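Have a look at the structure below, then the notes.
As the structure is a prediction and not an experimental result, all values here were calculated from the model. Hydrogens, waters and symmetry mates play no part in the numbers below; they use all other heavy atoms, side chains included. By convention in this document, chain letters (A, B, ...) are assigned in the order of the sequence lines, proteins followed by strands, and residues within each chain are numbered from 1.
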There are 2 protein chains.
Amino acid sequence: MDAVFKALADPTRRRLLDRLFAGNGQTLGALCAEARMSRQAVAKHLALLEAANLVATQRRGREKLHFLNPVPINEIAERWIGKYERHRVRALADLKKNLEGKSDG
Amino acid sequence: MDAVFKALADPTRRRLLDRLFAGNGQTLGALCAEARMSRQAVAKHLALLEAANLVATQRRGREKLHFLNPVPINEIAERWIGKYERHRVRALADLKKNLEGKSDG
DNA sequence: GTAATATGCAACTAATTGGTTGCATGTCAA
DNA sequence: TTGACATGCAACCAATTAGTTGCATATTAC
């Protein structure tokens, strides 16, 4: 879980996920093409995404194909974000009440 | 948006959000009580959460009260995670197809 | 006023991170 | 086999981050 959050923390990695979302199963080379950094830098980011299980890979000859795995993101949405979201209205009301005037109750 | 992801990347900060979720409007001192680090370290984390708009604060005398703001988390869920989640089944099928055997089609 | 309490600010350190370069390995094509 | 292509590995560097300590400021209680 922590690895997923950390992986999502970097804009470059989120962009890579976006690229895979746009076209799944891309090679490292293809993903490097539009990135303004070295191939090795991109490879490191992809390795991190793979470690976080956000990306699955498969070798095809000398190429490495990358596939988006939406499951961990879904888990975040369901398990962690949902926790707050469920109580969103109540928490907002609580916040508002406390910020606007505590004496009133 | 980036600030929110970065803020959520640290387990200590997620824990602080959990603490605020359990009891909203806590002071810095109260939040420090159960953390195994210095008050200043906690204060820094809270400042980051506040900068990311995940926490709102209010002064009461010499105390500083901290309130959970679930809105940015909700935005992530709706705007960014939803993008992947919506296509979850299709992406999974795609992934499976490509991993299990490409020759079959 | 004075002491205790609650927080703020700043300097410093250690660890992590994001990036680079150079070279090695493995695969495809002629 | 040889050369070109795609990726992997490792060392290194700069910037950021997470934590510390020390001191300053502001509020409450006596």
With salt bridge (Lys or Arg N to Asp or Glu O under 4.0 Å) as the test, would you mind laying out the steps for Asp10(B) and Lys6(A) before giving the verdict?
-> CA-CA 7 Å; Asp10(B) 187 277; Lys6(A) 283 228 162 132; 5.8 Å; no

d(Arg15(B) CZ, Arg19(B) CZ) to nearest 0.5 Å is 6.0 Å

Shortest non-hydrogen contact between Leu20(A) and Gly25(A), atoms and distance = CD2-N, 4.4 Å

Between Thr57(A) and Glu50(A), do the side chains contain an N or O donor and an N or O acceptor separated by less than 3.5 Å?
-> yes

Are there more than 12 heavy atoms of other residues, nucleotides or ligands under 6.0 Å from atom CZ of Arg36(A)?
-> no

Closest to the side chain of Lys44(A), out of dT7(D), dG19(D), dA11(D), is dA11(D)

Walking DNA chain C from its 5' end, the first of Glu63(B) and Gln40(A) to be reached, judged by nearest nucleotide, is Glu63(B)

Side chain of Leu28(A) (C-beta onward), nearest among dT7(D), dA6(D), dG19(D) | dT7(D)

Would you say Arg39(B) reaches dG19(D)'s phosphate, i.e. side-chain N/O to OP1/OP2 under 4.0 Å?
-> no

5′-ward residue of the pair Lys64(B)/Leu48(A) relative to DNA chain C | Lys64(B)

Under 4.0 angstrom between Arg59(A) side-chain N/O and dG8(D) OP1 or OP2 | yes

Find out if a path of hydrophobic residues (ILVMFWY) with successive side-chain heavy-atom gaps under 4.5 Å connects Leu49(B) to Met37(B).
-> yes

For Gln58(A) and dA6(D), give me the distance from atom CD to atom P, rounded to whole Å.
-> 18 Å

Euclidean distance, atom CZ of residue Arg60(B) to atom C1' of dA26(D) [Å, nearest integer] = 16 Å

Which part of the nucleic acid, if any, lies within reach of Arg36(B) when heavy atoms closer than 4.0 Å are counted: base, sugar-phosphate only, or nothing?
-> nothing

What integer distance in Å separates Arg62(B):CZ from dT28(D):C1'?
-> 4 Å

Range on DNA chain C touched by chain A - first to last nucleotide, heavy-atom distance under 4.0 Å | dT17(C) to dC28(C)

Starting at the 5' end of DNA chain D and moving along, which residue's nearest nucleotide shows up first, His66(A) or Gly61(B)?
-> His66(A)

Report yes or no: does His45(A) contribute a side-chain atom to a donor-acceptor pair with the main-chain N or O of Arg13(A) at less than 3.5 Å?
-> no

